[in-house]
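Residues take their numbers from the sequence shown, with the count starting at 1.
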Amino acid sequence: ENATSTAVRQKVQIAAPLHYRNLIRRHRRFLTPAAAKTKALQGTEPEPLAGFAMRPPPSPPLLPLLLLLVLLPSPPAVAAAAGPTSLEALRAAAGRRGASPATQERAAAGVLRRLLPSHALSFRFQIDPKGGVCGDSSCFRISNVDGSSKGGAEILIQGNTAVELASGLHWYLKYWCGVHISWDKTGGAQLASVPSPGSLPRVKGTAVKVERPVPWNYYQNVVTSSYSFVWWDWRRWEKEIDWMALQGINLPLAFTGQEAVWQKVFKSFNVTDRDLDDFFGGPAFLAWARMGNLHAWGGPLSQNWLDQQLALQKKILSRMIELGMVPVLPSFSGNVPVAFKKLFPSASITRLGEWNTVDGNPRWCCTYILDPSDALFIDVGQAFIKQQMKEYGDITSIYNCDTFNENTPPTNEPAYISSLGSAIYQAMSRGNKDAVWLMQGWLFYSDAAFWKESQMKALLHSVPIGKMMVLDLFADVKPIWQTSSQFYGVPYIWCMLHNFGGNIEMYGVLDSISSGPIDARTSYNSTMVGVGMCMEGIEHNPVVYELMSEMAFRSQKVEVEDWLKSYSYRRYGQSNVEIQKAWAILYHTIYNCTDGIADHNRDYIVEFPDISPSSFSSQYSKRRSISVVRKHPRFLGEVSASLPQPHLWYSTAEAVKSLELFLKAGDDLSESLTYRYDLVDLARQSLSKLANKVYLDAMDSYQMRDSSDLNFHTKKFLEVIMDIETLLASDDNFLLGPWLETAKSLATTEDERKQVGLFRTLHVAAGSWINLFSLIVG
């Protein structure tokens, strides 16, 4: 399962830099093809946006002074058109449910203790409950502790909540101590640059105060729970919540364990356990079952799983509250078991169409939705909110509901749409009188043909202003606020979507991240009240998420090229000329995608090998847009489609130059886990893009009946596959085994272990590429 034995993997790790150099040499003429052959795959590079940025230190001793001079945000502008009333209502609803100052101070100290136990006594945390430090804003303040005893606190961090305290800790560690913190799977934390206790850098002047320009920093997507979180235990969740706090996230989605709540609610409406077995999806497919895309697939859920996840959710919520976060809980979107049709024959219940399930089989497809205009909708929605309050307490007033996400209303009549929106909110507010509806704005982009101005206004204005927030989900690429007059006066959160399907791909739009939230907040009549990260999968592209997290505390644009110099210093723990040059190239290539295409990583190396070369016509093959009929043994039924077109928005030749620079830096940085992760990821990306070209060359050779050329390219493709396998085996973070092990660790019964076996099947399927091309060669 781990692709290689521990002994072999260790051998590969020791020889990794030399091995990567050999890979480059072997594939050089393919990795740096002639311009004529790659012109069609290369994108253009726009002029970079200018802005304000930190400037990295020329040497470590100057780090605190230089960063202090140029990094700190200016006082924030207020989001005018959102109105003080709506912002005050949101803040008040959150504030009433917060933990005590003492609890939050202990929670912040806990984050420090788990991150940097050697410095647990070096920092003092102080909540500012009455606004003496922050006034009406959310802020953190960093200052020196004078006259402290030996081994005592050296730095005082003050703030409104424990999230602000943790953010202040992170800010100090980054910009005074040169620390970098990312997910463990992307290299983890670089903490070696922190001076020993008693020697921490002092803050110049009286203090440094950093305010949030907007109050909210949102995190997660409704499908992240399935792509990334599904097999997590409390230990992993605790690390994630610490990471959230350090990044300043104060509005996280909290969807774990909701099936156990739904079980109790639906049983109160006389739905049986057997009915629910046919309703809930399996553990890894819960996101799509919750959205009504499928039912029962991968199920049923055991009572052990339901109880286990509910207990885990209570721990998650408890820690979030201790840190001063405001969790976003689910609400009722209308998805009901088929049993409701018999139990409530007069209710308005609609059978939805097929959604990418296996052959449209009714065993899994075509779920049922209760019309929001039906009185039963409010009864179910109210019961669910109240049951959550019974389980967790009165901990939040913000609820997510996406009834119309990829589900178009039956009519575009504004009055009808308004009545639906009003009913959805009524179901929330009857359960919690302070309820605020948080809605993903994806529908306004994905179904723009339906959601015109009249329809958008009807939905957005169906609840009082201040009782709804919209996530401008894809604002980093396709901002809706610009084309909707600031969501027609409704508060919204500027979000970066970035990742689709949990795909692994080095990709980003750093210029948009560094300037987009500023442009939105300072625009005329802005109703922006926050920033957010709404990726479908996590644990990749750490540079993107570090910059986006910082935008929660920046009131001016960031000059990315300078920021990257400091980022590379912090990420690897030392300054390196080759690395700085490499990141400058990556900024203008891989992390400069401006084509507006949602990046799904359609490289052939990660596609299912279900396309027969004999189905192509020579004409289509030359154009490299090949019509095929494919049948996937997973969600997809038989569909007519074109050969997937790999997304390439940059010069591969330039990207390979950055890889060569990374290799040159290996003599100095090879012991750094963050460096090793980035090196493997960049080499993986280069080989994956190479595989696209080799694959298409093989298809062309087949159509031309050139057996010699076909043999050469198919062998080359197999060679690239094996090189990628060897490369990824050198770093545990790229292996399938750990994912399978975490799944197995949660299985306590034989039935649960069988469900885990579904993922082993997918693993075996990955080997079919080699079988396919071996047959062609033969």
Using the salt bridge (Lys or Arg N to Asp or Glu O under 4.0 Å) rule, take K239 and D242 through it: C-alpha gap first, then chi angles, then the decisive distance, then the call. CA-CA 5 Å; K239 288 185 72 71; D242 283 355; over 6 Å; no
Mind running salt bridge (Lys or Arg N to Asp or Glu O under 4.0 Å) on E660 and K657 for me, showing each step along the way? CA-CA 5 Å; E660 291 173 331; K657 289 180 183 178; over 6 Å; no
C534 vs Q440, test: side chain to side chain contact (heavy atoms under 4.5 Å, CB included). Steps then yes/no. CA-CA 10 Å; C534 298; Q440 290 189 148; 5.8 Å; no
Step-by-step side chain to side chain contact (heavy atoms under 4.5 Å, CB included) determination, L682 to L586: CA-CA 10 Å; L682 184 53; L586 292 175; 4.0 Å; yes
Where do I579 and Y569 land on the side chain to side chain contact (heavy atoms under 4.5 Å, CB included) test, with the steps shown first? CA-CA 9 Å; I579 285 291; Y569 171 85; over 6 Å; no
For I504 and D681, run side chain to side chain contact (heavy atoms under 4.5 Å, CB included): C-alpha distance rounded to whole Å, both residues' side-chain angles, the deciding distance at 0.1 Å, then the answer. CA-CA 9 Å; I504 301 300; D681 202 21; 4.3 Å; yes
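Partners of Y218 according to the ring pair (Phe, Tyr, Trp, His ring centres under 6.0 Å) rule, which considers only residues two or more places apart in sequence or in another chain, do not exist here. For T224, the side-chain hydrogen bond (donor to acceptor under 3.5 Å, both in side chains) test picks out no residue, with sequence neighbours left out. Applying the side chain to side chain contact (heavy atoms under 4.5 Å, CB included) rule to V544 yields the partners M496, H498, L510, I513, N541, Y591; only residues at least two apart in sequence or on another chain are considered. Partners of Y227 by side chain to side chain contact (heavy atoms under 4.5 Å, CB included), not counting sequence neighbours, listed by chain and number: V223, W288, E536. Residues that satisfy the salt bridge (Lys or Arg N to Asp or Glu O under 4.0 Å) test with D709, not counting sequence neighbours, are absent from this structure. Here E240 pairs with W183, Y219, R236 under the side-chain hydrogen bond (donor to acceptor under 3.5 Å, both in side chains) rule; sequence neighbours left out. Qualifying ring pair (Phe, Tyr, Trp, His ring centres under 6.0 Å) partners for F734, counting only residues two or more places apart in sequence or in other chains: Y677. By the side chain to side chain contact (heavy atoms under 4.5 Å, CB included) test, S672 pairs with Y572, T674, Y675, sequence neighbours left out. Residues satisfying the side-chain hydrogen bond (donor to acceptor under 3.5 Å, both in side chains) test with Q247, not counting sequence neighbours, are S549. With sequence neighbours excluded, the residues satisfying salt bridge (Lys or Arg N to Asp or Glu O under 4.0 Å) with K689 are E505, D603. Partners of A520 according to the side chain to side chain contact (heavy atoms under 4.5 Å, CB included) rule, which considers only residues two or more places apart in sequence or in another chain, are W481, Y492, W494, M528. Every residue was checked against the salt bridge (Lys or Arg N to Asp or Glu O under 4.0 Å) condition with D476, not counting sequence neighbours, and none meets it.
Panel note: side chain T186, backbone P542; no donor-acceptor pair is recorded below 3.5 Å. Checked by atom type and distance alone, the side chain of S193 pairs as donor or acceptor with a backbone atom of G178 at under 3.5 Å. Side-chain atoms of T714 come within 3.5 Å of backbone N or O of N711 as a donor-acceptor pair. Proximity of a side-chain donor or acceptor of S688 to a complementary backbone N or O of Q685 within less than 3.5 Å is not detected. Looking at Q190, its side chain does come within 3.5 Å of a backbone N or O of A192 through a donor-acceptor pair. Of the possible polar contacts, one joining the S228 side chain to the I538 backbone as a donor-acceptor pair under 3.5 Å is found. Panel note: side chain N217, backbone A552; no donor-acceptor pair is recorded below 3.5 Å.
The existence of a salt bridge linking R571 and D678 is confirmed by a sub-4.0 Å separation between a basic side-chain nitrogen and an acidic carboxylate oxygen. Taking the charged nitrogens against the carboxylate oxygens, K581 and E578 have no contact shorter than 4.0 Å, which rules out a salt bridge. Using a 4.0 Å cut-off between a side-chain N of Lys or Arg and a carboxylate O of Asp or Glu, E741 and K744 qualify as a salt bridge.
Among all heavy-atom pairs drawn from G537 and Y545, the shortest one is O-OH, 4.2 Å. Nearest heavy atom pair, residue A475 against residue S512, reads O-OG, 4.4 Å. Pairing each heavy atom of G188 with each of S182, the nearest pair is O-OG, 3.0 Å. Contact record, S670 with R676: O-NH1, 3.1 Å, taken as the closest heavy-atom pair.
Side-chain contact between S568 and N576 is absent, with no heavy-atom pair separated by less than 4.5 Å. Side-chain contact between V230 and W739 is present, with heavy atoms from C-beta onward closer than 4.5 Å. Between E607 and R602 the shortest side-chain heavy-atom distance falls below 4.5 Å. With a 4.5 Å cut-off on side-chain heavy atoms, V606 and N503 do not count as touching.
Taken from CG in D697 to CZ in F712, the straight-line distance is 9.0 Å, to the nearest 0.5 Å. Atom CG of L659 sits about 11.5 Å away from atom CZ of R684, to the nearest 0.5 Å. With rounding to the nearest 0.5 angstrom, the NE2 atom of H170 is 11.0 Å from the SG atom of C177. Here the CG-CG distance, from N221 to L253, works out to 8.0 Å after rounding to the nearest 0.5 Å. Between the CG atom in L735 and the CG atom in N733 there is a gap of 8.0 Å [rounded to 0.5 Å].
Relative ring orientation between W563 and Y567 is described as parallel, the plane-to-plane angle staying below 30° on a 0-90° scale split at 30° and 60°.
I605 pairs in a side-chain contact (heavy atoms from CB on, under 4.5 Å) with only one of the listed residues (V694, L687, I721, N692), which is I721.
A ring-centre distance under 6.0 Å is not found for F500 and Y507. Aromatic rings of H713 and Y695 (six-membered ring for Trp) have centroids beyond the 6.0 Å cut-off, not under it.
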